Each structure stands twice: as structure tokens, then as C-alpha cells.
Novice: 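Starting off with a structure, shown below.
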Amino acid sequence: MLRRPKPTDSEADLLREQEQFLVSGAPSAANVVRRPDKRRGEAGGEAGDQNRGSEGDQRDVVTIEDLPDQLPSLTPAPPKKSRFKGSRVTFEDDDAEERLDRHDIHISAVLSRIVERDTSSTPVNLPAFTGMAFPKVLHRSETGNQVPLSLNGGKKSIFARQIAAQRIKEGKTPLHCEPEAAQTAEPREKHMPPEISMDTDVAELPTVSGPRLISGQGLAGPNSSGETTRIHRENQAKLQAMSESEIIEEQKKLLSQLDSRLVEFVRSRKAQSVLSSASSSKQPEGSFPLVNRDSDSSSAAALFQKPKVEMEAEEKELPLQPAVTEEDLPVKPQKEWVHMDKLEPEKLEWMRDLPAPRRKGTKKAMQARFDFAGNLIPPTEDLPTHLGLHHHGEEPERAGYSLQELFLLSRSQVIQQRSLALSTLANILTKARAGEYLSVLKGSVMSTLLDAGLLFLLRFALDDSVEGVMSAAVHALKALLVCEEEEECLDCTFSWFRGLSTFPLLPSAQEEEDEEDEGLDESMKETAKEKEERKSDHEVARQDVVKGLLKMKLLPRLRYMLEVIRPSPRVVQDVLDVLTRIARHSSSSATQVLDCPRLMETVMCNFLPTSWSAPSLPQPHTVHGLPLASAMKLLRVLAASGRHACARLLNSLGVSERLSCLLSAEPRELLLDQTQALRITTEAYRLWTVAAAYGQACKLFIDLYPALVKTLQSVHQALAPSDPLLPLQLHRILALLSLLTQVTHTAGCHQELQAGMASSQGEDCPPPPPVSWSHVTGLQTSLLGHLKSFVKSLDNSLQKQSSLTLIPAYLVYLEAYYHQLSKQSCFKPVEALQELEHLTSEVLLPLISHSAVQGLIKNIKSSSVVCNVQSSHLGPDSIPSLPGLACPGWRDRPGLVVPSSPFPLLSGLGLLLKTIMGIHKGLICKFPGLLLTEPVIGYLRGCSQATPTLSHTRAWLLRHEHLVLYLLLELAHRLVPIDPEVAKHASLYHQVALVLLPWLLPGSEYLAHELLSTIIFSKDFISEGHSGGPEAIELEELKLHEETQHHPFPSLQTVGTILREACIQLPSIRGCFLTHLAHLESSVLVSRDAFLGRNPWINSHLLPELTGPTLPSDWPFLPLVSLYERMGVSDGGGLAVEELPPGALPAVTHCLQWLLLLEIWREDALKVIPPVAKLARLSCMFLCSSDLFLERPVQNLIWGLFRLLTRPSKLDSLDLNIPPPGLASFQDLYSALLAQYEAVSFGDRLFGCWVLLPLQRRYSTAMRLAVFGEHVGMLRSLGVTLEQLGIPMERFTSPPEDSLPLLRLYFRSLVTGTLKHCWCPVLYVVALSHINSFIFSQDAAAQEVEAARHSMLRKIYYLTDEVLRNHLLLFRLPYQHSEFGFDMYEQLPPIRAKRLESILGLQDS
């Protein structure tokens, strides 16, 4: 098949496609023929073709098959409709010619119909005699001789009003004026219902002297106006004689018959007349009413209808202001001024003071207006005009600018207006990101601005030729993309364990259905890259703001500004912040920043020079040529995107030289301001840390070792409590400790890499780093001394906070040191164990027991993100296409990052304890107090009941809290077997482990593997298995059986045996689940390298994309679901694969054992899975094989789970009308179950109970219709008894069925013998109950339903099957312990007998 040309094809592509077309010999879609020239006498067709060679100047015409004679219009217009056609009355016998004559408006027709008007009764008025030669000239000063505007029908010239006044004086009606309204009676609308009097205007009945709609013009006869008045009075008399209800009824009839446009026309005419009469009665003569401006912005664009202010003040009508007088004018007119001797008030209205802002009603929103700082101005606030916030817009009385007006100003030709509008938008965006508008504005400001095209507006403004406008645009772009508090939070967590790793800030992936690719082969479908290139800028920006900006060539423009324009320091800072945010988006965005021509070279040369001179001013006018901390931070974020990007920065762009230059000297020795020097050295340490976390830049460590040691020796001198730069000093020391931690990890891998290279001969093995273990061993003694001194300084109130800030970083360093020490060939166990004992007794135990640390631990629950999901704090105004971290205001509320949070300390302490207890087993019993404190126990209980949500705003914090939970559980795993007090809480630790497992995020796969391997399936944590748990279940079931006096089949007394077997099989169950999670092996290995500090094997510090948790919430069902997916189900309902794979039966058995154990002893761990999802997942067991459910172990386990799912307390929560996760509806799954039951069930009672469960009355009728309609043959084998089902029959029979098609199917199956008690006892009782309730129902129903009742009753009465007839007529109530499962009347009750007789009597008559 030949490919159609694309717009992106080059000329060579088109020529190649033309060659392929000619070679294929396919017929062309268009033929070229020559049009005959009639002037030369040529004929068409073949005759013309013969002369084609000789006639070189003939024209060719392209003809296309099936081309219509008339081309369709390119923009089809709707058919034209006459507005008056519907109102014309035509008759069938009406002659068309006569109708045309009547409507003929030709000049001859008009002239032939001229009839002289009868003037015999018209009085003749002679002109008044005056002594003047000419009529008096009309002067403007004679305002008393003018007709008011209200009587003049609107705005008229002064001359026209004076003529109208003269006609009134002569006793004539003014031209084009309606009759004046006389005294009106009290409207009857007052006494009418509000829905009539408020919404319709026809109900008002004031008595007026003449009609409002008609004037009598066009009527023949001398007294046309009198005729209209007479008709009007008749109408008024009729209306007065009618009651209110009659008027309302006639009104509704008229409104239903008349055209809606005609009704609107009548109402508008009435409103005009009422307004004119009211104004004429209120306004004194000679005054001019002000135009009442509607304060609602009526012409606001649709894009700006969301952000509106909700007001709560009651609406008040403002009195009309009097006309402008000379005293009201700020400048008094002089007589000698031309044309200013007489004032025209209408033209001077704009000079008066602005009216007070109008108040709006509670229900009505108003347009949001902002001042230049981005603050929202309340609609009722009256601000002075000198602030510059009033303008000649749609609401001149209100101060401030709306979003639409700011958009208009940003495209103004005046430079100052463009700059001011963009600066105001930047301030609005900053406050919107901080969430300041959420409580006062309706809708999202960010979404509204982006939908209105803010990105394109800012991108156009960046191309402006004026530097001020470009600077304002950059500032607005930074306000849109960057939140400074988010960057501060990420910097604070950088020194935490794995704090340098972050999630990419990618929007949540949205699957798009591409209809163009449906039905095509995989080779012909477009790739994701091709689809992305085909999208327009608007489509890309709507889904991802950063991608949209990159597609709009933002990076070259920013490079141009930095390189050529060389803007002010603030703009440079904003540009670097924007580039940093783009680099955080994803690794591909970071690569685009690196690949942009001359961008990184410009940054390195201008903002990270190798030499510079000291600035002459504290705030220099330009920062070009000075090192900037924000430029170093940009490099750090780029380096974190991947090891190759980091290598490019270090080797190609000269970052190593910059690091040496900045870190070889003390900050005070740099030719910079002290604040800037501390910030840039801190960022240099962080960049070096990222490089060392890849195993890179390690030679630099050897070169700068003396400088690092010198810095460590001066740590205590730098932390003076009175130093105003103490926070910056703390960040610098934390960054240095993070660097030493990563260098230690890298040095610890040197020996392994050297041995691996020797064994593998250099294949697939990274080269060993230059730094070895001997280079880092000497640092441990110094750092341990620091830690001891900081623990002692906790008693000093001035140094307490600084010590608590630094101690976690020292603990993380010591964990790295001892973890790598145990793997070195120089490791000496005896010395190491003694050293760990001294560390425990001198540092760790005093630290844990210190009052300051215990005070921090008390805040663990209040600082938790998991336990405080329903926080009252309003989050920022975030949008899906621009995810953020929700950090605004983080210092003012509890959280993980605030100084009062214990999570940094607990994570460092937990890591160190995990490592030293792995080396020295005897130290395990030293730390039970950490787990047994009341705050920790309360925190774990809160976590076991929590249901946290997953989003970008929480994920970056959740992963740190998940680590702390894992470390607490790891400590419990070591203490539970040896400490009885800790073992008392084993069930709580197991519950927390079960809920933590499906919470773990991408990048934490190693933690999930460790939990599955240790705690989840550990016998020590399932204490019920060896403390009488199975026996307690058996006793409980035995007591239940004695109370109910019946025994379901099979008895749950076997559950105790099953649970004992499950506890024995826990290692096999663990192996089963680990096998089914083998597809995560590669992710587990990557995560393991990161958690164990295997730096040379790490490829990126960007975590995987946040698409969801590592494991699904229904992971306990994973073996069942995977087996179902492997087997597959064909279209006919049968299995695509006949034989089960090897090991399928043990896997299913282990899965069901684990599910039964969780349902009985860990029910809360499965509460995140809806009951309908549990039922759907267990149904896979019936669908994946034709005989798997018949196996005895599987049967017993499924019976136990079925009993647990159908307990009375659980049946109410089982809602099958909700689609299960992963399915469109439960009905689709149920159809597959029915087909499978008919094919392979062989009347199995377990499968039968599974099929009967969804047939309860409260579920969808469609499932019952499927059984009695499409699958009615299965009723013969559905032999489940009422005792075996174990579900009360009332759930199937109450309330009575109201679906007539289903009732007919019930009746047909009973009468035809398809449904019998011996074949299907349960549905036999159900059908009897519903048919009996239906035929004897006394409820009023539609005619069709009543006829069906009569028909069924008559057919039942004449049935030849006496047993069935008695069952249908004498059915009373379902009763499980009777012979048939229901009670019967001995004879029909009188009321039913009477109904039967009446129906039969009607038939006889």
C-alpha cells in the first residue's frame, strides 16, 4: 500500500514516492484531459487528443471522478429561515397570484393604492401672529422648553427636544413617543406566587390608559387610536373579572404556545415602558439621570470567569446621583471661554467623583481585582485614586486590575504598561503558588491563567526589544515555575540519607486514545516521539508546562539574554532559577539544558569564573564575572540527572577547576561578600557530593584533603551562637559531612571493584576509583570526636539546636564507615566489636536517653505525613501540568523538615543501629527502649490505621518517612525473638509492615524485598499462630453453630486446621510471592545499590518516575491474577490454554492460605482493598482452569474465604454496582463466570454459591436477567441448598422485584419446567416469592403492568401442575428450615381470594 505524502516530507521524499507510484502501475486518482477550444471548432474527447502533439499552447484540465457539478461551500451556512414565516396564515385554496398581488410592493402597486386621508374632522391650527419678522431662534439655555429624556424615548438632540416640547404645548403627542402612563393601581403581582411574580412579567396588571405594545398605526379609519384604546379597555375588563388562578393558567398557556423570541420581545418592550415611566415620575424637570453601570464585568472573556470573589454583604440599591452642576466641577468655567457659557451636564459626567463601590448579594460572584503587589482588593473597599488603581475600564468605581485587563495591558504599545502588567502578573503568580487565594477566590488562578495562554504571553514578552519588558517577563516566568520555599526544603533534606535523590517533577502520565492508530499493525503505528513532534505547542503546554516551554525554544532565548543583553543581577538570578527548575523536570530536560548551544559555556564563563576581582559595592550593578551560588546549584541539579551529565560537567566544562578554586581557600579569603562566599562554597560541596556519589571527582579529594581537614578542625569555631550567619555555616558543615559520607562509600567499593576487574578482565565492571579505603580511614576518629562533643553540648541551651541539626549527619557518616569497614580485607573483628561497644555506651545510649532527644520523639506523630493526611492546612494552588512539592508555609506548621521533627535523627540513628547490630549481635538487647516508648507505639498505631494519598506534593517526604518506618521494623525484627516486652507488640509491628509494603514508592524496591524476606512472612510476628489462634477460631465457630442450630456446608470448624497448616507453610508462601515478584529484580538491584552505597554502580540520582507505588494494594492476590493472565480466556468463554503450568496448584494453594490468614488475623491490612475487588480477584480461580477449583485443598480454602466474605457484617459492604479496580464493570466478569459455570462446573456447590452471590435483590437486574435469559440452562445444575449458601433468603426476595421483563422470565422458567425445586432450590424460592408478590400486589401501576398481573394470575389458576399452582398461589414467606424452603398458606387469605375471583370474573364477563 502506497504511503500518502506528509507535510514534513522533503523534495527528495516526494520524488522517491513518485517513482514508486509510477513503478507500481496503480491507476491515478485524477486524469488530465484537454478542454476543446470551441473558437477553433475543436471537438472534445479523442478528437482533441489527436492534435495534442501539434498544439503546444492548449490548456489541460484536471477531472476527478464523482465530482459534483456544483462545488460545496467551504463554510456551509445554516439554512436561512424567515422570522415572519411562522406567523403567516395560509389556506389550501388560497390563490398564489392573489397572495403575491396583496404583498406586491412595486412602485406601480403602491401608487395605485394611494387614498387621500380624511381630514374633515382634523382641526386646523393657524400659526400664532408675532411682531417679529422671523421665528425666534432656539437657544440651549431654554432647557425648560425641552421634553425630558424619559418622555422623549431616549437620547435626543436639544433641537428635537424643543420641537417635542412645542408640540406638547400645542396639545399634540410628541413624535415617536408612546402614550404617557396614567395613575396605576396596585399590581396584582403582589399577591401571586413568587415563582410567577419574579420570573414572568406577564402577570403584572397595572391599569394604564393605553396599550404598551400597539399604537394603532396602520389601521384604516379616522379613529385608529380610539380603536386600540377600546380593545385595551376590553382586555383590562376581562382581566379584572378573572381570578388569579385563571390568569396564571392562561399565562402558562400563552407562554407554551408563543415563540420564545416573541415573549422576550414583549418583556423587553414592557421593561422599557416601565423604566421610562418610573424615571419620568422621579426626575425633576431639567435634570439628567446618570447612566447606571452594571458593576459586573459583562464583557469579560470566558477565560476569566473562574477567579471571582464571593461576597456576603446584602445588595443595596444606590440612589441615582443628581445632575452635574457648576459647583461640582473641579475647574470652574469662565464666561470668556469659547462654548463654555452654558454647561451640558451629559458631557461632564466623567468629571464628577467616582461612585462608591456597589455591594453584591451573597450568591453572586464578582470579578477578582488585584493591586500591583498581587493583593486581592475586596469589592467593597474604597481606595483613593492617587494609588493609580482606578482606570477607565468596565468598572471604573472599583480599584484594581482584573486578569483580563492585565493581559490586555501586557500587549500594550506603551512600554511602562507592558512592564507593569507583567510585574503584577508575577506577583499574582507568586501569591497563587503560596495558596493565598484559595480561601477567597472561586476557582484556580493558575489554571485560569494557563488556560488563557499565559505561557505564550510570557514567551512573546521575552522576545520584546525592551530590556525592562524582558526582565518583567523573566520574573513572571520564575514566579510561575519556581517556588523558593520548595528549593529551601530540598536543600534542607540534602544531608539526609539519600537526600540528594529526588523524583523528577513530571506531570502524571495521562493515557491518550489515538483513534488514528486503531486497527494498524505495530510497525505502522506512530512512535511516542513522532506523536510528540506532531503535537502543537498549545497541546504540549496544556499537558506539561516545562515541555511546552522547551518546545517554544525558551533555552536559546535565555542564553541570548545572559550572553548579549547582560541583564541586572535580579534577572540573572531569575534565569538561573528557571533553568534549575527545568533541569529538575526530567533527565531529558536536563540533557536539553546541557546541549543548548553556548548556554552552559555562558554560565561557566560569566557566573563561575576561575578568577575575579572584589566587587566595589555590596550590591553590584552587574554579576557578570562573579561566581554565583545559583549557577553552582544549577550544575548540581544537572549532575544529579545522570552520571554521564556529571562527567560532562567535570571534564568538558571545567567544573573540577572551579571546585578546586572555591574550596581550597576559606570562605573569608574569597573576594566575595561573606554571605555569598558561604552560599557558593556550600553549593560547591553539594555538587562535589553528587559527583562522589557516582564515584567521580575522587582525585579531587586527594588533592584537597588538607583543606578538608582544616575545615573539619574549625567546625566548632564556625558555630558561634552569636554569629548572624550561623544557618549558613550549618548548611556548609552539613554539605561537607555529606561529601565525606559519599567519599567513604566510594572508597569502600575500591577493593571490590579491583577484585572484580581482575576476575572479569575488565568486562562489564566499572574501573576502581582513585580513592581507596586508606585515604578515608583517618577521618573517622576526628568525626567521632565531633559527635561526642555535640552530644555533650545538648545540655547547653545555646548550642542545643545546632547540635540537633548536625548529629543526624554524623550518624549517617558513621553508618557508612562501619558498613564499608566490615567488607574490607583489613577488618579486625575483635577491635571493631570493642569500638562498637564503646560507641554504644558513650554516644548512642546517652543520646537516646537525653531529654532533648526524647522531646523530639514526642513530636513524631504530629510531624508525620502519613498520620496527618487530613491536614487543615490549605495546600498551594497546584495544577497537574506543573507539579510542585507543596512547601509554602512549611516553617509555620508541623512537618518532617521543621527543626522540631525527629525524623532526621531517627533515620540516622536507625541506619547506624541496623549496621552495628549486623556486626555485633550482642548489642541488639541494648536498644528496646526506642521501640517501647509511648510516642513510638502511638505513632505505629496511627500508621497502621492511616490511608495516605500519593502525589508529588507528598512523595518527596513520604519516602523519608517510609525509611524511618522500615528502620523501626528492622529493629523490631531483631528484638522480637529475644525481648518478651517487644514481642508483646509483634502483631502491631506486623500490621505496620503489611500496610507499609504497598505504600513504598519507586526507588524503594529494595525495602519492599527486605520486608517480604524478613517480617511479612515471619512466624515471630504472627503470634496468633503459636498462641492458640486456630483453636480460638474453632471455638468461636462451634459457639456460633450452637446458637444458630444449623451447620453450613462445609463447616468452618476446619478453618483451624487450615490456619495451622498455613502457619507451617509460611516459608513456602514467602517463596511463592517472591517468585511472582521476580519481574522487579532489576529495580530491586538498582535500589539496593543506592541504599547500600555502591556508588560506582549508580547511574542517576533521579528516582524513577512517580507513576504509583512499587507494589499494588492487592498484592496478596498476585499469584491468582498472574495465573489468570497466563492462562487467558478465549472469546467463547473457554480457556485459551488447557493445561496448567507446573507449580500452579501449590502457588494457588499458598496464595489462598495467605489470604485466609490475613482475613482472619490481619483484616485491617486488607481494608484498602474494596470487597468487590476481593470477590473479583478470587473469581480468577474459577476462570483460570477447568478443574482447579475442584482440588480438595483449594475447595476448603475457597469455602473458608467465601464464609468470611459473606458474614452478615461484610455483606452490606459488598457493593457489586461499583466497578472493581481494573475492570469496566462487575457484570462483564459475571458473564464470564456464567459461561465458565455452564462449561465446566458439573454442578459444583462451591462454584454455585459463587454464582448465586451476585443475584441478591440489591444488585443490578442485568445479572439476574443474564441467568434467566442467556444462561437459563444452568438452572438445572445449580443445586445449591439454602443451608449451603449461608446467606439469608431475605436478601434475595426483599424488596419485591419491579422489573417486568425479569418477572416474565421467572414465570416462564417456572411454567415451562426449566426451574424446579429439585434442580435449583434457591432460585425456585426466589422466583416463587417475586411472582407471588407481583400477582397479588395492590399497588397502583401502569396499564401494561396491571395487564401482566391479570394474565399471570389467570394462567396460574388454570395450571395443570397442581403442586406448582399451589406453590405460586399459597406462597407465604421464605423459611430456611422447612421442606421446600418456604411457608405456605393453608388457603388463600380473603383479600387474595377476592382479588382472584374479581380477575376471573372479569375474564368470564
Side-chain angles (χ1 to χ4, degrees), residues 944-945 984-995 997-998 1015-1044 1047-1070 1072-1073 1113-1120 1148-1175 1177-1178 1181 1192-1214 1246 1249-1250 1253 1286-1287:
S944 66
Q945 302 296 325
K984 291 179 181 178
H985 302 282
S987 299
L988 173 62
Y989 303 139
H990 193 238
Q991 177 78 17
V992 174
L994 288 171
V995 298
L997 185 61
I1015 298 176
I1016 297 292
F1017 300 101
S1018 173
K1019 297 178 183 179
D1020 297 329
F1021 287 86
I1022 306 177
S1023 56
E1024 295 86 351
H1026 49 78
S1027 61
E1031 291 78 7
I1033 295 295
E1034 291 177 348
L1035 290 175
E1036 182 182 350
E1037 291 299 326
L1038 183 60
K1039 182 181 178 181
L1040 177 64
H1041 297 163
E1042 292 175 353
E1043 291 176 355
T1044 56
H1047 302 272
F1049 176 82
S1051 173
L1052 264 183
Q1053 293 178 18
T1054 59
V1055 170
T1057 307
I1058 296 174
L1059 286 175
R1060 274 191 291 271
E1061 179 66 22
C1063 292
I1064 296 173
Q1065 294 290 334
L1066 279 175
S1068 301
I1069 296 174
R1070 176 179 58 202
C1072 170
F1073 278 92
S1113 59
D1114 60 348
W1115 67 270
F1117 297 88
L1118 189 60
L1120 275 179
V1148 171
T1149 304
H1150 292 326
C1151 176
L1152 295 177
Q1153 286 175 331
W1154 180 241
L1155 289 171
L1156 188 66
L1157 187 147
L1158 293 180
E1159 282 288 346
I1160 293 177
W1161 289 332
R1162 298 291 182 268
E1163 186 179 358
D1164 289 343
L1166 297 178
K1167 66 181 180 180
V1168 294
I1169 309 174
V1172 63
K1174 296 179 183 178
L1175 187 67
R1177 303 301 187 262
L1178 289 174
M1181 192 269 305
R1192 178 56 59 186
V1194 175
Q1195 278 260 331
N1196 293 334
L1197 290 165
I1198 289 291
W1199 269 118
L1201 289 168
F1202 180 78
R1203 294 294 175 218
L1204 294 173
L1205 285 175
T1206 56
R1207 285 173 292 180
S1209 59
K1210 298 297 180 183
L1211 274 177
D1212 293 332
S1213 60
L1214 181 60
L1246 173 62
C1249 289
W1250 215 265
L1253 178 62
I1287 302 174

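Just the heavy atoms: all of them, side chains too, but no hydrogens, waters or symmetry mates, feed the values below. Numbers here simply count residues along the sequence, with the first being 1. Since the structure is predicted, the reported quantities are computational estimates derived from the model, not experimental observations.
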Novice: Which residues satisfy the side chain to side chain contact (heavy atoms under 4.5 Å, CB included) test with Arg1070, sequence neighbours excluded?
Specialist: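 For Arg1070 the side chain to side chain contact (heavy atoms under 4.5 Å, CB included) partners, ignoring immediate neighbours, are Phe1017, Pro1067, Leu1074.
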Novice: Going by side chain to side chain contact (heavy atoms under 4.5 Å, CB included), name the residues that satisfy it together with Asp1020, two or more places apart in sequence or in a different chain.
Specialist: Val976, Pro977, Ser1018
Novice: I need the minimum non-hydrogen distance between Phe1021 and His990, along with the two atoms involved.
Specialist: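 Looking at all heavy atoms of both residues, the shortest contact is O-CB, 3.5 Å.
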Novice: What is the minimum heavy-atom distance between Ala1165 and Val995, and which atoms define it?
Specialist: CA-CG1, 4.4 Å
Novice: According to salt bridge (Lys or Arg N to Asp or Glu O under 4.0 Å), who are the partners of Lys984, at least two apart in sequence or on a separate chain?
Specialist: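 Checked Lys984 against salt bridge (Lys or Arg N to Asp or Glu O under 4.0 Å); matches are Glu981.
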Novice: Report yes if the side chains of Leu1156 and Leu1204 come closer than 4.5 Å at any heavy-atom pair, otherwise no.
Specialist: yes
Novice: Let me confirm one number: the CG-CG distance from Leu1211 to Leu1253, rounded to the nearest 0.5 Å.
Specialist: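 Answer rounded to 0.5 Å: 7.0 Å.
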Novice: Do the side chains of Glu1024 and Ser987 get nearer than 4.5 Å, heavy atoms only?
Specialist: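 A side-chain contact under 4.5 Å exists here.
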Novice: Could you tell me the separation between the OG atom of Ser1213 and the NZ atom of Lys1167, rounded to the nearest 0.5 Å?
Specialist: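 Answer for the OG-NZ pair, Ser1213 versus Lys1167, is 14.0 Å.
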Novice: Considering non-hydrogen atoms only, spot the tightest contact between Ser944 and Gln991 and give its length.
Specialist: CB-CG, 3.6 Å
Novice: Quick one: do Trp1199 and Cys1249 satisfy side-chain contact (heavy atoms from CB on, under 4.5 Å)? Show the steps, please.
Specialist: CA-CA 10 Å; Trp1199 269 118; Cys1249 289; 3.6 Å; yes
Novice: If you count the non-hydrogen atoms of other residues, nucleotides and ligands that lie under 6.0 Å from CZ in Arg1192, is the total more than 12?
Specialist: no
Novice: Only counting residues at least two apart or in another chain, list the ones meeting salt bridge (Lys or Arg N to Asp or Glu O under 4.0 Å) with Lys1019.
Specialist: none
Novice: Tell me every residue that passes side chain to side chain contact (heavy atoms under 4.5 Å, CB included) with Ser1113, counting only those two or more places apart in sequence or in another chain.
Specialist: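 Testing Ser1113 for side chain to side chain contact (heavy atoms under 4.5 Å, CB included), a comparison that skips the adjacent residues, returns Val1168.
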Novice: So Leu1178 and Phe1202, side-chain contact (heavy atoms from CB on, under 4.5 Å) or not? Walk me through it.
Specialist: CA-CA 9 Å; Leu1178 289 174; Phe1202 180 78; over 6 Å; no
Novice: Rounded to the nearest 0.5 Å, how far apart are CG of Leu1059 and CD1 of Ile1160?
Specialist: 4.0 Å
Novice: Distance check, rounded to the nearest 0.5 Å: Leu1066 atom CG versus Glu1061 atom CD?
Specialist: 10.5 Å
Novice: Can you label the angle between the Trp1154 ring and the Trp1115 ring as parallel, tilted or perpendicular, going by 30° and 60°?
Specialist: tilted
Novice: Distance check, rounded to the nearest 0.5 Å: Phe1073 atom CZ versus Leu1118 atom CG?
Specialist: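 CG of Leu1118 is found 7.0 Å from CZ of Phe1073.
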Novice: A side-chain contact here means heavy atoms from C-beta on lying under 4.5 Å apart; do Leu1197 and Gln1153 qualify?
Specialist: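 Result yes, sub-4.5 Å side-chain heavy-atom pair found.
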Novice: Identify whether the distance between the nearest side-chain nitrogen and carboxylate oxygen of Glu1159 and Arg1203 falls below 4.0 Å.
Specialist: no
Novice: Run the side-chain contact (heavy atoms from CB on, under 4.5 Å) check on Phe1117 and Lys1174 step by step: do they pass?
Specialist: CA-CA 8 Å; Phe1117 297 88; Lys1174 296 179 183 178; 3.9 Å; yes
Novice: Quick one: side chain to side chain contact (heavy atoms under 4.5 Å, CB included) partners of Cys1151, sequence neighbours excluded?
Specialist: Pro1119, Leu1120, Leu1155
Novice: Let's go through Leu1214 and Thr1206 carefully: what are the C-alpha distance in whole Å and the side-chain angles of both, what is the deciding distance for side-chain contact (heavy atoms from CB on, under 4.5 Å) to 0.1 Å, and is it a yes or a no?
Specialist: CA-CA 9 Å; Leu1214 181 60; Thr1206 56; 5.9 Å; no
Novice: Looking at every non-hydrogen atom in both residues, tell me the closest pair between Ile1016 and Ile1022 and how far apart they are.
Specialist: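 Taking every non-hydrogen atom into account, O-CD1, 4.3 Å.
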Novice: How long is the span from the CG atom in Leu1152 to the CG atom in Leu1201, to the nearest 0.5 Å?
Specialist: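 It is 6.0 Å, given to the nearest 0.5 Å.
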